[in-house]
Participant: 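Below you will find the structure I want to go over with you.
Just so it is clear, the model here is predicted, and its values are computed rather than measured. Below, chains carry the letters A, B, ... as their sequence lines are ordered, and counting in each starts from 1. Computation of the quantities below employed the complete heavy-atom set of this structure, encompassing side-chain atoms and omitting hydrogens, waters and symmetry-equivalent molecules.
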Amino acid sequence: MEERYNPLEIESEAQQYWDSNQVFAAKEDEQKEKFYCLSMFPYPSGKLHMGHVRNYTIGDVISRYQRMQGKSVLQPMGWDAFGLPAENAAIKNKVAPAEWTYKNMDEMRGQLQRLGYGYDWSREMATCRPEYYRWEQWMFTRLLKKGMVYKKSAVVNWDPVDQTVLANEQVIDGRGWRSGALVEKREIPQWFMKITDYADELLEGLDKLDGWPEAVRTMQANWIGRSEGLELQFGAVDGGESLTVFTTRPDTLMGVTYVAVAAEHPLAVKAAESNPDIVLFLDECSKMETSEAALETMEKKGMDLGVTVTHPVSGDDIPVWVANFVLMGYGTGAVMAVPAHDQRDWEFATKYGVDIKAVIRSVQNAESDESSDVSEAAYTEKGVLYNSAQFDGMNFEQARDAIADYLEEQQLGKRKINYRLRDWGVSRQRYWGCPIPIVNCPTCGAVPVPEEQLPVVLPEDVKFDGVGSPIKKMPEFYQTSCPECGRDAERETDTFDTFMESSWYYTRYSCSDQSEKMLDSRVDYWAPVDQYVGGVEHAILHLLYARFYHKLLRDEGLLNSDEPFKNLLTQGMVLKDGVKMSKSKGNTVDPQPLIERYGADTVRLFIMFAAPPEQSLEWSDSGVEGAYRFIKRIWRLVYAHIEGSSPVDSVVVAGLRESSELTDEQKDIRRITHQTIKKVGDDVGRRLTFNTAIAAVMELTNALSKFGSDSDELILNRAVMQESLEAVTLLLSPMVPHLTHRLWSLLGHKQAVVDVAWPEYDENALIEDSINMVVQVNGKLRAQLKVSASASREDIESQAVAEESVVKFLDGKVPIKVIVVPGKLVNLVVK
RNA sequence: GCCGAGAUGGCGGAAUUGGUAGACGCAGCGGAUUCAAAAUCCGCCGGCAGCAAUGUCUUGGGGGUUCAAGUCCCCCUCUCGGUACCA
């Protein structure tokens with residue numbers, strides 16, 4: 001054995017062993033329990049960053065641990081290869097998006113391999129390959145025929161200078177990021193998937209996802225936003241339009257003093273015809289950002305349209321306003337306003353001098369004649385109705401039902417369940433994405449591309465200048481004939497949202513070599529994913545779309561499970577100096593030089609040690625140095641143990657479990673060793689707190705350093721040491737697989753550590769004769785107590801009150817209460 | 001704005017079910033080894049008071065529940081993630 005730890009030599013040897021023995025090739029072995037461990041696949045952006053290293057190390061540790069549990073493990077890797085950054089890079093570096101993407105994949109694949117992750121590389125996929133996206137196109141055409149897909153117009157950010165649709169992140173303070181031009185809203189026809197048809201199932205399914213963080217389930221439930229309410233009509237006045245609105249507070253109906261519509265609403269457009277001020281206002285609204293955050297935080301503005309509608313109960317004329325915070329695309333494009341009982345409406349009404357009519361008062365004031373005080377703010381509590389004609393005196397539930405009954409009878413409204421969730425718009429006016437398999441025929445309309453003509457291949461050899469998508473200017477791409485009537489027609493040149501690819505990739509890993517169909521029976525061996533690992537930033541969109549798509553696949557008969565991801569671990573970000581690492585801030589740490597200097601094991605160990613996976617992780621160069629020291633310390637411990645003598649035979653080590661000849665010191669070491677095995681098993685297997693697992697092994701090695709410095713002439717000492725060092729090796733092997741691959745062999749084993757079972761602790765070694773307890777007086781720590789493990793409550797109590805410092809603080813008084821927490825503490829309460 | 005999460009020594013973090021706050025590591029200080037350095041080993045290491053024993057304060061801020069609160073409840077501040085075309 002070399003005295004010096006040499007990571008480069010050790011790591012390349014271990015990796016060669018795994019590779020030449022196909023150790024991580026996943027097999028559909030029906031005799032074994034399967035475990036599908038998946039880390040979110042990366043966007044091939046260039047090089048790996050620390051966030052990737054963290055994500056993939058967590059996944060690899062879990063995979064290797066599960067393998068040691070005897071399971072048949074699948075841990076695949078691939079590339080989320082379509083997306084906006086490739087287009088940006090293309091503009092910047094004058095290189096085609098495809099070429100840039102493939103180059104990055106090669107670079108990053110090499111880095112992943114250098115880090116020693118146990119992937120089944122034979123299943124690698126890239127979503128930009130036609131072999132992959134053809135099935136996505138195929139599925140889309142199936143869904144279209146089924147009616148799960150439809151076309152409608154929706155707004156996009158339009159850059160009038162670059163003549164391009166901008167992503168929300170490309171709009172900065174209302175301007176295009178490159179041109180600086182004021183962004184305009186533009187309505188264009190787009191494809192949508194009916195995720196709202198699955199809203200209830202997606203919501204109810206959350207209850208069963210007990211392997212998911214509660215926070216993620218809550219966020220998804222709030223995102224879906226199921227609410228029960230009433231949809232009702234405000235009637236048309238002399239030839240105008242009637243308006244439909246939805247409300248969850250029908251009890252406030254009699255307090256409506258105006259109705260607000262979106263700028264694109266027909267009523268607003270019509271009113272503008274005769275009022276230039278309204279034209280100006282609508283024009284202002286068309287230069288707004290489309291993101292929800294921008295909408296909610298901007299100044300709320302509106303204008304009286306000078307038209308009225310009829311209140312469905314009172315028959316009063318209700319003025320119609322146009323407001324910038326009402327959106328045409330969501331709901332009915334109109335809302336009823338109750339300034340007395342809704343804070344946003346109150347602020348709007350106060351600002352523009354619209355009437356405020358209070359109709360709800362608190363239950364306490366129900367019998368009085370007092371009005372609710374709405375002079376400073378809206379009264380938003382549920383209460384009792386007044387000023388509400390036949391509904392006076394009713395509480396919320398009574399009024400809700402009575403008003404719903406009344407309006408349904410009058411055919412002016414109906415009970416409705418509403419969702420905040422909106423249908424999924426999947427069209428993108430971009431080049432670097434999966435072509436939408438549709439032919440637009442002047443005669444037949446939108447026709448799906450027939451199965452035998454799939455895939456519609458995206459041309460990769462293009463010039464990309466950032467002004468529109470190249471395929472929109474390529475007749476050789478878009479000119480085609482209609483699959484139905486055979487006449488000249490044009491292909492759809494929009495591409496899919498990239499969430500489309502990431503919504504089903506985890507199923508395709510089960511059969512990535514299958515060229516005849518989207519999925520085969522192997523998907524039901526592997527799916528669902530047992531452990532999914534990725535950033536918390538995907539808590540809503542990606543994870544909700546994937547859950548939706550899984551149900552679509554199920555309902556197409558392609559697989560047999562309801563949910564894609566059984567357990568979910570949402571990992572925190574990697575920070576430097578307290579802020580997120582990013583190129584723009586110039587605070588990134590490149591893993592490559594660290595791997596070259598310290599080896600992959602040190603980098604893996606540090607990133608697992610520095611913080612629990614769900615928390616953000618503060619990067620520390622000196623912390624890496626510490627991880628390296630720890631590895632070298634283990635190396636020296638093993639070196640000292642075996643140098644000059646051979647490893648202790650495994651029969652002798654096993655005999656320790658039955659031995660009655662151990663000294664107290666030997667028993668102590670065995671107790672610490674087996675406590676550590678127990679704790680690390682729990683930390684790695686159940687809690688997924690790898691940082692505390694590593695800390696526990698550090699404590700064990702600290703104890704071993706002291707133990708080992710004593711005479712080790714005795715065979716029992718050497719046996720205890722051997723047992724402990726083997727435990728250290730096995731417990732750390734998921735985190736530092738290369739080091740432990742070598743150590744296990746040095747400790748005298750023929751079998752590779754990767755094939756060894758996770759260790760089991762010896763219950764008998766854990767038993768302690770005496771226990772330390774603390775004594776408190778009035779909750780304050782006053783003494784330490786060593787009591788026998790079998791001591792009774794009375795023994796402990798009498799020992800406690802006899803302690804010198806306890807006597808001092810009791811000050812002659814007799815405790816009025818004594819709390820004994822077994823094995824922990826005694827609390828004496830005095831007055 | 002809304003939804004979700006977080007805040008503990010000089011720093012990263014630990015405390016798993018309400019029961020010894022600060023495990024483990026980093027940095028720092030002192031010592032050993034060395035011609036010297038690196039590497040390594042040993043010791044100390046939250047604030048205040050004290051020679052010390054020890055006392056006292058302390059988990060973002062304010063209130064509360066409890067024999068006992070970092071942990072539970074209420075209010076507030078700040079930071080981070082998401083907010084439907086970044087992935």
Side-chain angles (χ1 to χ4, degrees), chain A residues 4 40 42-43 45 80 83-85 88 156-157 165-171 213-216 218-223 225 290-298 300 325 330 344 420-425 427-430 497-499 502 535-542 544-545 570 572-573 575 578-580 606 609-612 614-627 629-630 632-633 636 679 682-683 686-687 689 691-692 694-699 702 705 709 772-781 784 805 815-819 821 824-830:
Chain A
R4 237 178 102 89
M40 289 180 185
Y43 179 80
S45 54
D80 187 14
L84 204 50
N88 298 336
V156 294
N157 301 305
V165 175
L166 299 177
N168 283 337
E169 75 157 8
Q170 295 175 314
V171 180
E214 197 57 50
V216 175
T218 306
M219 280 190 273
Q220 290 211 350
N222 291 338
W223 183 263
T290 55
S291 76
E292 193 202 10
L295 280 170
E296 292 281 340
T297 50
M298 73 185 176
K300 308 290 185 293
F325 55 87
Y330 316 146
R344 187 180 66 183
R420 207 187 77 94
L421 180 69
R422 308 192 301 256
D423 275 339
W424 177 13
S427 295
R428 295 293 180 270
Q429 297 68 46
R430 311 207 180 285
D497 177 8
T498 56
F499 278 126
S502 56
V536 68
E537 65 272 20
H538 297 293
I540 296 174
L541 293 180
H542 162 57
L544 193 65
Y545 290 140
T570 51
M573 291 182 311
L575 310 177
V579 290
K580 185 180 179 170
F606 171 72
F609 177 64
E614 306 232 337
Q615 268 180 43
S616 60
L617 178 151
E618 177 66 30
W619 184 260
S620 156
D621 290 331
S622 53
V624 178
E625 194 77 46
R629 271 204 286 271
F630 174 57
K632 286 191 290 184
R633 206 172 149 96
R636 278 194 307 275
K679 172 158 179 64
D682 188 44
D683 284 353
R686 181 183 63 89
R687 297 175 68 208
T689 53
N691 57 327
T692 53
I694 294 164
V697 179
M698 284 174 168
E699 287 188 70
N702 288 345
S705 296
S709 62
N772 282 317
M773 289 182 71
V774 296
V775 187
Q776 298 178 332
V777 178
N778 284 341
K780 292 205 175 191
L781 180 65
Q784 304 265 351
S805 52
I816 53 168
K817 198 170 177 184
V818 180
I819 291 126
V821 182
K824 295 261 182 181
L825 62 73
V826 184
N827 191 9
L828 305 165
V829 185
V830 290

Participant: Take the protein atom NZ of Lys580(A) and the nucleotide atom C1' of rC80(B), then report the distance between them rounded to whole Å.
Facilitator: 10 Å
Participant: Return the pairing partner of rA7(B) with a 3.5 Å limit on both distances, Watson-Crick or G-U wobble; otherwise return none.
Facilitator: rU77(B)
Participant: Please classify the nucleic acid contact of Trp223(A) as base, sugar-phosphate, or nothing, using heavy-atom distances under 4.0 Å.
Facilitator: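 Base, at least one base atom sits under 4.0 Å.
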Participant: Between rA84(B), rG81(B), rG13(B), spot the one nearest the side chain of Tyr545(A), thanks.
Facilitator: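 Minimum distance to the Tyr545(A) side chain belongs to rA84(B).
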Participant: Identify whether any heavy atom of Val697(A) sits under 4.0 Å from a base atom; if not, whether one sits that close to sugar-phosphate; answer base, sugar-phosphate or nothing.
Facilitator: nothing
Participant: Would you classify Arg344(A) as touching base, sugar-phosphate or nothing, given that sugar-phosphate means primed atoms plus P, OP1 and OP2, and contacts are heavy atoms under 4.0 Å?
Facilitator: nothing
Participant: What is the distance, rounded to the nearest whole Å, between atom NZ of Lys780(A) and atom P of rC57(B)?
Facilitator: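 So the two atoms are 4 Å apart, to the nearest Å.
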Participant: For Glu699(A), answer base if it contacts any base atom (sugar-phosphate contacts may also be present), sugar-phosphate if it contacts only those atoms, and nothing otherwise; contact means non-hydrogen atoms under 4.0 Å.
Facilitator: sugar-phosphate
Participant: Choosing from rA87(B), rA23(B), rC67(B), which nucleotide comes nearest the side chain of Asn827(A)?
Facilitator: rC67(B)
Participant: Given rA84(B), rG82(B), rG13(B), identify the nucleotide with an atom nearest to the side chain of Ile540(A).
Facilitator: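 So the nucleotide nearest the side chain must be rG82(B).
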Participant: What distance, rounded to whole Å, do you find between the two P atoms, one in rC48(B) and one in rG9(B)?
Facilitator: 15 Å
Participant: So, OP1 or OP2 of rC86(B): does either fall under 4.0 Å of a side-chain N or O from Asn88(A)?
Facilitator: no
Participant: Tell me, do Ser502(A) and Tyr545(A) make a side-chain contact under 4.5 Å, heavy atoms counted?
Facilitator: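 Of all side-chain heavy-atom pairs linking Tyr545(A) with Ser502(A), none is under 4.5 Å.
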Participant: Under a 3.5 Å cut-off for both contacts, is rA15(B) paired Watson-Crick or G-U wobble with anything, and if yes, with which nucleotide?
Facilitator: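 Here rA15(B) is not engaged in any pair, so there is no nucleotide opposite it.
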Participant: Taking the side chain of Ser622(A) as its heavy atoms from C-beta onward, which of rC26(B), rC3(B), rC67(B) lies nearest to it?
Facilitator: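 When the side chain of Ser622(A) is considered, rC26(B) is the closest of rC26(B), rC3(B), rC67(B).
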Participant: Rounded to the Å, how far apart are Leu541(A) CG and rC85(B) C1'?
Facilitator: 11 Å
Participant: What nucleotide among rA87(B), rG12(B), rU20(B) has an atom nearest to a side-chain atom of Val774(A)?
Facilitator: rU20(B)
Participant: Using a 4.0 Å heavy-atom cut-off across all strands, classify Lys679(A) as base, sugar-phosphate, or nothing.
Facilitator: base
Participant: Can you tell me whether the base of rG9(B) sits syn or anti, using the 90° cut around 0 to define syn?
Facilitator: syn
Participant: With a non-hydrogen cut-off below 4.0 angstrom, is Arg420(A) in contact with a base, only sugar-phosphate, or nothing?
Facilitator: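 Here Arg420(A) touches the bases of the nucleic acid.
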Participant: Among rA14(B), rC86(B), rC26(B), which nucleotide has an atom closest to any side-chain atom of Gln615(A)?
Facilitator: rA14(B)
Participant: Rounded to whole Å, please give me the gap between CE in Met573(A) and P in rC80(B).
Facilitator: 9 Å
Participant: What nucleic acid atoms does Ile816(A) come within less than 4.0 Å of, heavy atoms only: base, sugar-phosphate, or nothing?
Facilitator: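 The answer is nothing, as Ile816(A) stays clear of every strand by at least 4.0 Å.
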Participant: Which nucleotide, in any strand shown, forms a Watson-Crick or G-U wobble pair with rU65(B), with both distances under 3.5 Å?
Facilitator: none
Participant: Looking only at side-chain atoms of Asp682(A), point me to the closest of rU20(B), rA84(B), rU16(B).
Facilitator: rU16(B)
Participant: For the pair Asn168(A) (side chain) and Thr290(A) (backbone), establish whether a donor and an acceptor sit closer than 3.5 Å, ignoring hydrogens and angles.
Facilitator: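 No; zero donor-acceptor contacts below 3.5 Å.
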Participant: Taking any heavy-atom pair under 4.0 Å as a contact, classify Gln776(A): base, sugar-phosphate, or nothing.
Facilitator: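 Base contact.
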Participant: Is a side-chain N or O of Arg420(A) found less than 3.5 angstrom from the main chain of Trp223(A), in a donor-acceptor match?
Facilitator: yes
Participant: Any donor and acceptor pair, going by atom type alone, linking the side chain of Asn157(A) with main-chain N or O of Leu166(A) inside 3.5 Å?
Facilitator: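 It does hold such a pair.
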Participant: If we call it a pair only when both distances are under 3.5 Å in a Watson-Crick or G-U wobble match, what pairs with rC44(B)?
Facilitator: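 Across all strands, the one nucleotide that pairs with rC44(B) is rG28(B).
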Participant: Name the nucleic acid region contacted by Met698(A), choosing base, sugar-phosphate or nothing; use a 4.0 angstrom heavy-atom cut-off, strictly under.
Facilitator: sugar-phosphate
Participant: With P as the reference atom in both, quote the distance from rU54(B) to rA69(B) in angstrom, rounded to an integer.
Facilitator: 24 Å
Participant: Take the protein atom CG of Asn691(A) and the nucleotide atom C1' of rC26(B), then report the distance between them rounded to whole Å.
Facilitator: 15 Å
Participant: Between rG82(B) and rC76(B), how far apart are the P atoms? Round to whole Å, please.
Facilitator: 25 Å
Participant: Where the side chain of Gln170(A) meets the backbone of Ala167(A), is there a donor-acceptor pair that is under 3.5 Å apart?
Facilitator: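 The answer is yes, because a donor-acceptor pair under 3.5 Å joins these two groups.
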Participant: Between rU20(B), rC85(B), rA87(B), which one does the side chain of Tyr43(A) approach most closely?
Facilitator: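 Looking only at side-chain atoms, Tyr43(A) lies closest to rA87(B).
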Participant: Taking for each residue the nucleotide of RNA chain B with the nearest heavy atom, is it Leu828(A) or Asn222(A) whose nucleotide lies nearer the 5' end?
Facilitator: Asn222(A)
Participant: Using whole Å, what does the distance between atom C1' of nucleotide rA69(B) and atom CD1 of Ile819(A) come to?
Facilitator: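 Rounded to the whole Å, the gap is 14 Å.
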Participant: Find out whether Thr692(A) and Lys679(A) are in side-chain contact, i.e. whether some heavy atom of one side chain is under 4.5 Å from a heavy atom of the other.
Facilitator: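 Counting from C-beta outward, Thr692(A) and Lys679(A) do come under 4.5 Å.
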Participant: Could you state the atom-to-atom distance from CZ of Phe606(A) to P of rG25(B) in whole Å?
Facilitator: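 That distance rounds to 14 Å.
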Participant: So what's rC2(B) paired with, Watson-Crick or G-U wobble, going by both distances under 3.5 Å?
Facilitator: rG82(B)
Participant: Is Val829(A) close to Asn778(A) at the side-chain level, that is, under 4.5 Å between some pair of heavy atoms?
Facilitator: yes
Participant: On RNA chain B, nearest-nucleotide positions of Phe499(A) versus Ser291(A): which is more 5'?
Facilitator: Ser291(A)
Participant: Of the nucleotides rU16(B), rC24(B), rC85(B), which one has an atom closest to the side chain of Arg687(A)?
Facilitator: rU16(B)
Participant: Rounded to the nearest angstrom, tell me the gap between atom NE2 in His538(A) and atom C1' in rU83(B).
Facilitator: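 So the two atoms are 15 Å apart, to the nearest Å.
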Participant: Have a look at Ser616(A) and say if it touches a base, only the backbone sugar-phosphate, or nothing, with a 4.0 Å heavy-atom cut-off.
Facilitator: sugar-phosphate
Participant: Under 4.0 Å between any heavy atoms, over every strand shown, what does Thr689(A) touch: base, sugar-phosphate, or nothing? Just pick one.
Facilitator: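 Since no nucleic acid heavy atom lies under 4.0 Å of Thr689(A), the category is nothing.
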Participant: On a whole-Å scale, what distance lies between the P atoms belonging to rG30(B) and rC78(B)?
Facilitator: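 The same atom, P, in both gives a distance of 42 Å.
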Participant: So Pro213(A), base contact, sugar-phosphate only, or nothing? Heavy-atom distance under 4.0 Å.
Facilitator: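 If one applies the 4.0 Å heavy-atom cut-off, Pro213(A) turns out to touch nothing in the nucleic acid.
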Participant: Measuring from the side chain of Glu292(A) (C-beta onward, heavy atoms only), which nucleotide among rG1(B), rA68(B), rC85(B) has the closest atom?
Facilitator: rG1(B)
